[in-house]
A.B. asks: 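Next up is a structure, given as structure tokens.
Counting begins at 1 with the first residue of the sequence.
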Amino acid sequence: MRFKTRLTGRHPLTGETEPEMQEQIRNVAIIAHVDHGKTTLVDRLLYQSGMFRNEELDRLAGGQHGLIFDSNPLERERGITILAKNCAIEVKRGETTYRINVIDTPGHADFGGEVERVLSMADGVLLLVDSFDGPMPQTRFVLQKALENNLKPMVIVNKADRPDGRPSEVVDEVFDLLVSLEADDETLDFPIFYCSGRDGWCEEELGGERYDLQKIFDAIIEHVPPPPVTLDAPLQLRVSTLDHSEFIGRIAIGRIAAGKLSQHEEVQVLSPNAEPRKARIQELHLFEGLGRKKVKTAEAGNICAVVGIENIEIGDTIACLKNPTALPAILVDEPTLHMTFRVNDGPFVGREGKFVTSRQLKDRLDKELERNVALKVEQGERPEEFMVSGRGLMHLGILLENMRREGFEMCVGMPRVIERQVEGKWHEPFEHLVMDCPVDAQGPVMMLVGERRAEMLDMSTRSTGDMVHMEFKIPARGLIGLRTKLLTATAGRVIMHHSYLEHGPQAGSIPRRNSGSLIAVESGQATPYSLDALFDRGVFFVEPGEQVYEGQIVGEHNRDNDLEVNVVRTKKLTNVRAAGKDDNSSVRPLKKLKLEEALEFVVEGELVEITPESIRVRKHLLKEADRRREKRRAKAEKDS
């Protein structure tokens, strides 16, 4: 389908040609905090668009929330959006057909890099806010990035039918947030809709007439400006997303900022980190519904997929061959956390995984860098080590989970924050922590965050009266392991979110772990007899019958020191009959560590061993004699 353009002529003062407007195209991104309902709303928009039969969409839905857009297996397991995705919805109004390109973005702060790189494709944003939670840390982050890209928001108060909702107060909080971000008067005059993404209705006034979500499409057409383009200018397309096909290779996705792009056209690829090079477009696709359709030509303003350019990277510009001009590179915030990835050198290496060498590990990390713009990889101190930096523990944890499912084996060290030197002093990252907890659990929560050098910014009681809302400024290293302790202290009733705030002077020492490790001294099979004898020593990570090796951490000691234990010891046979004695063996309930829990557990000198089927914790030095020698050496260096 061909879309009309409108020429605005020449500027009355400068005489320069003003941009044209692709009147029938709207590019809009949906931004919000995690769990505020972005993907649910997009799914409901697809159902009500009239482009699909309900049965078609029902077949695509899946995961714990039955969502269509969360198509990645990890997204469906965890119920969160990890990767930004886009679709095209065609809406007919009278004789005119509008193409609305909808971009769904992640809501978790650790995946903020996904938001930053796709906002360059949008001309407006739908800001979703929960009718009870209101603006949260990630709401501020994504809104700030939208304003930096000169995008005007439409505010949608989602879950407006919540019994404990406070939609009027939430709108006031959004206004205050925009004022604090120094938004202009035009931005502050934002349209407001109250809706339920799950049930598929919206209203313009609280308690007013309810409409279906076609009203949202009308508002997008009215309030989101068409993309300003120059059709007769030289071609410019900045790559914002990469896709990959086993048959046609790398696929570059971006919005055409100027000119036209044709199939089989010869173009110039301009990269910030490489010399300009020529390439030829093999195939050109426009988005249509949830898929793509092959076209011969695409005009400025459209979001398209380009096939045939090898080694294209995010941030590269596809430009005209005769007059190439690069667009500004995509800038993302710096990482705040790093970990050491290294090859698995444990006794069980190669038993479960297919990829175990440093070369395979490096190739996989280099491949991840192609599409994960918020990630950084550097060579470690040794050839088999790599320093991987990301936005947070979940950001790196998702990468590790994907790698282990692909068949990789590796070990990772303790997560550390990335410090900066400012005017000769070291500064560390601080985060904005927001928590809602029951009134009766306020004391333990305050004690836990207080010992981690948190500074309270605000505290209030929610309208329900039984929940306390608290906001803190806390060092990023204080968040490592905090969630588990808070859930234990509040019996699972605390809700916490955080996002990067700023770098500031170091806040002092923070307790990491007040318990030691139980370390296996022999390799073999764990036995009920030995675990029964060690019942009162702590909590175990292994169960009877499980294979362990020397140097593996098999449990958490109930004191603050490490303890070497023998969990493979068997009962010696005698000629004295003791019928039924072995049946009385008492083994503590197993504590099976998940990946994020294992990353939070490890301290200096410990590693998390990750394989496709197992997650183990071990000492860096497996032999007890080596650990004692290293301890003496470190003490001697400290004394000297």
Side-chain angles (χ1 to χ4, degrees), residues 1 3 24-32 35-63 65-71 75-76 79 81 84-105 107 122-131 153-162 165 167 191-224 226 286-293 303:
M1 181 172 294
F3 298 95
Q24 277 71 40
I25 297 178
R26 299 292 186 274
N27 299 318
V28 60
I30 300 187
I31 58 175
D35 282 339
H36 280 197
K38 297 180 303 301
T39 307
T40 304
L41 179 67
V42 174
D43 282 8
R44 197 50 54 186
L45 287 171
L46 289 171
Y47 274 104
Q48 296 190 15
S49 66
M51 290 184 65
F52 310 92
R53 291 184 295 111
N54 287 353
E55 292 78 8
E56 288 182 70
L57 297 175
D58 289 342
R59 284 197 296 269
L60 296 173
H65 300 304
L67 297 176
I68 301 165
F69 244 48
D70 281 349
S71 53
E75 291 177 326
R76 293 192 165 182
T81 302
K85 308 171 195 69
N86 55 297
C87 67
I89 300 174
E90 292 183 359
V91 179
K92 195 164 185 177
R93 293 294 181 264
E95 297 298 321
T96 307
T97 300
Y98 294 90
R99 176 190 289 274
I100 300 176
N101 291 306
V102 180
I103 305 168
D104 184 27
T105 62
D123 300 299
V125 294
L126 300 185
L127 176 67
L128 252 72
V129 190
D130 188 284
S131 65
M154 279 174 49
V155 176
I156 296 180
V157 181
N158 197 23
K159 309 178 187 178
D161 53 348
R162 282 186 65 160
I192 307 167
F193 288 91
Y194 305 92
C195 84
S196 169
R198 183 190 61 188
D199 297 333
W201 57 262
C202 68
E203 54 191 25
E204 296 179 290
E205 296 182 1
L206 272 176
E209 183 180 354
R210 289 187 176 180
Y211 307 92
D212 61 15
L213 296 183
Q214 291 291 331
K215 200 74 175 175
I216 301 293
F217 289 128
D218 294 339
I220 292 173
I221 294 169
E222 179 183 354
H223 295 288
V224 175
L286 286 180
F287 287 87
E288 186 178 61
L290 293 169
R292 296 191 282 252
K293 67 173 180 179
I303 296 175

A.B. asks: Could you tell me whether the side chain of Pro153 reaches within less than 4.5 Å of the side chain of Val125, counting heavy atoms only?
C.D. replies: yes

A.B. asks: Rounded at 0.5 Å granularity, tell me how far CG in Asp104 sits from CG in Leu126.
C.D. replies: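 Reported value, rounded in 0.5 Å steps: 10.5 Å.
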
A.B. asks: Suppose we screen for side-chain contact (heavy atoms from CB on, under 4.5 Å). Which residues come up paired with Lys159, at least two apart in sequence or across chains?
C.D. replies: Asp130, Ser131, Arg162

A.B. asks: Please check if the side chain of Gln48 supplies one atom and the backbone of Gly200 the other of a donor-acceptor pair under 3.5 Å.
C.D. replies: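 Yes, because the side chain of Gln48 sits within donor-acceptor range (under 3.5 Å) of the backbone of Gly200.
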
A.B. asks: Would you say that Asp123 contacts Pro226 through its side chain, given a criterion of any heavy-atom pair below 4.5 Å between the two side chains?
C.D. replies: no

A.B. asks: Side chain to side chain donor-acceptor pair (under 3.5 Å) with Glu204: which residues, sequence neighbours excluded?
C.D. replies: none

A.B. asks: How long is the gap from OH on Tyr47 to CG on Asp212, to the nearest 0.5 Å?
C.D. replies: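 Rounded to the nearest 0.5 Å, the OH-CG separation comes out at 16.0 Å.
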
A.B. asks: Distance from His223 atom NE2 to Met154 atom CE, nearest 0.5 Å?
C.D. replies: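 It is 6.0 Å, given to the nearest 0.5 Å.
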
A.B. asks: With no hydrogens and no angle check, do the side chains of Arg93 and Gln214 hold a donor and an acceptor under 3.5 Å apart?
C.D. replies: yes

A.B. asks: Closest heavy-atom contact between Leu286 and Arg99?
C.D. replies: CD1-NH2, 4.3 Å

A.B. asks: Is the side chain of Thr105 donor-acceptor paired with the backbone N or O of Ile30 at a distance under 3.5 Å, no angle test?
C.D. replies: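 Side chain of Thr105 to backbone of Ile30: a pair is present.
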
A.B. asks: Give, for atom CG of Asp43 and atom NZ of Lys38, the distance between the pair rounded to the nearest 0.5 Å.
C.D. replies: 12.0 Å

A.B. asks: Treating Arg26 as the side-chain partner and Ile100 as the backbone partner, does any N or O pair qualify as donor plus acceptor under 3.5 Å?
C.D. replies: no

A.B. asks: Who are the salt bridge (Lys or Arg N to Asp or Glu O under 4.0 Å) partners of Asp199, not counting sequence neighbours?
C.D. replies: none

A.B. asks: For a quick test of reading the model, state the closest non-hydrogen atom pair linking Lys92 to Thr97 and the distance between them.
C.D. replies: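 Looks like CG-OG1, 3.9 Å.
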
A.B. asks: Holding to side-chain contact (heavy atoms from CB on, under 4.5 Å), I want the full list of residues that pass it with Glu222, two or more places apart in sequence or in another chain.
C.D. replies: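 Testing Glu222 for side-chain contact (heavy atoms from CB on, under 4.5 Å), a comparison that skips the adjacent residues, returns none.
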
A.B. asks: With sequence neighbours left out, what residues match Asn158 under side-chain contact (heavy atoms from CB on, under 4.5 Å)?
C.D. replies: Leu128, Cys195

A.B. asks: Taking the side chain as everything from C-beta on, heavy atoms only, tell me whether Val102 gets closer than 4.5 Å to Leu46.
C.D. replies: no

A.B. asks: Could you pull out all residues at least two apart from Glu203 that satisfy side-chain contact (heavy atoms from CB on, under 4.5 Å)?
C.D. replies: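 Glu203: side-chain contact (heavy atoms from CB on, under 4.5 Å) contacts with Tyr194, Trp201, Leu206, Arg210.
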
A.B. asks: Would you mind reporting whether Leu57 and Leu290 have side-chain heavy atoms less than 4.5 Å apart?
C.D. replies: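 Yes; the side chains approach each other to less than 4.5 Å.
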
A.B. asks: Would you give the length of the straight line joining atom CD1 of Ile103 to atom SG of Cys87, rounded to the nearest 0.5 angstrom?
C.D. replies: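 These two atoms lie 9.5 Å from each other.
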
A.B. asks: Roughly how far, to the nearest 0.5 Å, is the CD1 atom of Ile220 from the CG atom of Leu45?
C.D. replies: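 It is 6.5 Å, given to the nearest 0.5 Å.
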
